[in-house]
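What follows is one structure encoded as structure tokens, with my remarks underneath.
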Amino acid sequence: MFLKCLFYTCCGETDIFNYHALYKDFDNKIFGQHLMAESVVHSIKSHWHNEHSQKPLVLSFHGGTGTGKNYVTEIIVNNTYRSGMHSPFVNYFVATNNFPNKKYIEDYKLELKDQLIRSARRCQRSIFIFDETDKLQSELIQVIKPFLDYYPAVFGVDFRKTIFIFLSNKGSKEIANIALEHHENGKIRSQLELKHFERTLMLSAFNEEGGLRNTDMISNQLIDHFIPFLPLSKFYVSQCIQVHLRKRGRHDLAKDGEFMQRVLDSLEFFPESSKIFSSSGCKRVNAKTDLEISKMGFSLNSKKEFNDEL
Ligand SMILES: Nc1ncnc2c1ncn2[C@@H]1O[C@H](COP(=O)(O)OP(=O)(O)OP(=O)(O)O)[C@@H](O)[C@H]1O
């Protein structure tokens, strides 16, 4: 059994889950999402160590574009499986990629159900990720629903140790409004608490067009945690720029206030009146930073290489 695990990804033997490492990764790599970090680490830790969990852990990530929903998901996965997103037990679905055409909905339903069962049968710790949940057709939500419920087995397979993560931009306006009001009232970001958001997110997921709208996934309380991803202010976007610059070996520019300001100026911020939060989070940071570097007449390689070419 163990010899086999040297050559194939095994479920269980190769899991590397360690919540300390997960927390450390969030602390080092994720900026401005204190609500996410606390709630995700605790919920995963307690689900992981609960030998008698009655249902899968179901997390619903909400927030604007580029606030870190996919990045956080990847960090969770990397802390669970050695091969990360390449693990056969990590199932990643993007609504518009995997289920693009309504015409084939019956095929999608069968394939999805089959994949969920196959993965959980091979590994009780399978992870299922649904990106763009707001664009997921309601028929597919209905397929997923029984797997999230309090059943010892679904189609003969135990799903109670699995994790489901739903990602969507739903509720991002409401999250931004709460964060903005908090900021305008002179309160610091770390004073924002999960309770300020959970009900709002649940209502927006339930009432807004698309995805989880009016699903019994919500009314039956099958989603364990609604996690808000806060909009990122200039302070956090600057941290993303610095990470990118350091990866590029440009530690000098990471300390250059004027350069940093130029990159920030090339990004959009909202609301119009105060321009507090980035409209694209950290998503366009790498491209904008590279553009500013190239405007300076440097190639992305070293300055020396550039001069040599001349
Ligand atoms: N809070 C954050 N802390 C550090 N880096 C971040 C953060 N948010 C985003 N990033 C950076 O921006 C990139 C894009 O973010 P990500 O894909 O996670 O956004 P998203 O919330 O999933 O967006 P979308 O809703 O458009 O899918 C990440 O790979 C990461 O490099």
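Every number for a ligand or one of its atoms is a count from 1 in the order of the listing.
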Specify the protein heavy atom at minimum distance from [atom]: its residue, its atom name, and the distance to 0.1 Å.
atom                    : answer
atom 15 (O) of ligand 1 : Gly66 CA, 4.0 Å
atom 27 (O) of ligand 1 : Asn70 ND2, 3.3 Å
atom 21 (O) of ligand 1 : Lys69 NZ, 2.7 Å
atom 30 (C) of ligand 1 : Tyr71 CD2, 3.6 Å

**Request:** Please confirm whether Gly68 comes within less than 3.5 Å of ligand 1 when only nitrogen or oxygen atoms on both sides are compared.
**Result:** yes
**Request:** Before signing off on this row, confirm whether Thr65 and ligand 1 have an N or O atom pair separated by under 3.5 Å.
**Result:** yes
**Request:** Assess whether side-chain contact (heavy atoms from CB on, under 4.5 Å) is satisfied between Trp48 and Thr80, documenting all intermediate values.
**Result:** CA-CA 10 Å; Trp48 189 273; Thr80 309; 3.7 Å; yes
Contact atoms of ligand 1, heavy-atom distance to [X] under 4.0 Å:
X      : result
Lys283 : 23 (O), 24 (P), 26 (O), 27 (O)
Phe31  : 1 (N), 2 (C), 3 (N), 4 (C)
Gly64  : 21 (O)
Cys282 : 6 (C), 9 (C), 10 (N), 11 (C), 12 (O)

**Prompt:** Using 4.0 Å as the upper bound for N to carboxylate O, is an ion pair formed by Lys55 and Asp224?
**Reply:** yes
**Message:** Do the side chains of Asp131 and Lys69 get close enough for a salt bridge, i.e. N-O under 4.0 angstrom?
**Reply:** no
**Prompt:** Phe128 and ring pair (Phe, Tyr, Trp, His ring centres under 6.0 Å): which partner among Phe166, Phe89, Phe147, Phe164?
**Reply:** Phe164
**Complete:** The residue among Lys102, Lys103, Lys109 that forms salt bridge (Lys or Arg N to Asp or Glu O under 4.0 Å) with Glu106 is Lys109
Heavy atom under 4.0 Å from ligand 1: found in [X]'s side chain, backbone, both, or neither?
X      : value
Asn286 : neither
Cys240 : side chain
Lys29  : backbone

**Asked** Would you say the side chains of Tyr92 and Asn97 form a donor-acceptor pair under 3.5 Å?
**Response** no
**Asked** Heavy atoms, side chains only, cut-off 4.5 Å: are Ile175 and Leu230 in contact?
**Response** yes
**Item:** Centroid separation Phe229 to Phe61 less than 6.0 Å
**Value:** yes
**Asked** Does the side-chain contact (heavy atoms from CB on, under 4.5 Å) test come out yes or no for Leu136 and Glu132, once each step is laid out?
**Response** CA-CA 7 Å; Leu136 207 56; Glu132 302 181 348; over 6 Å; no
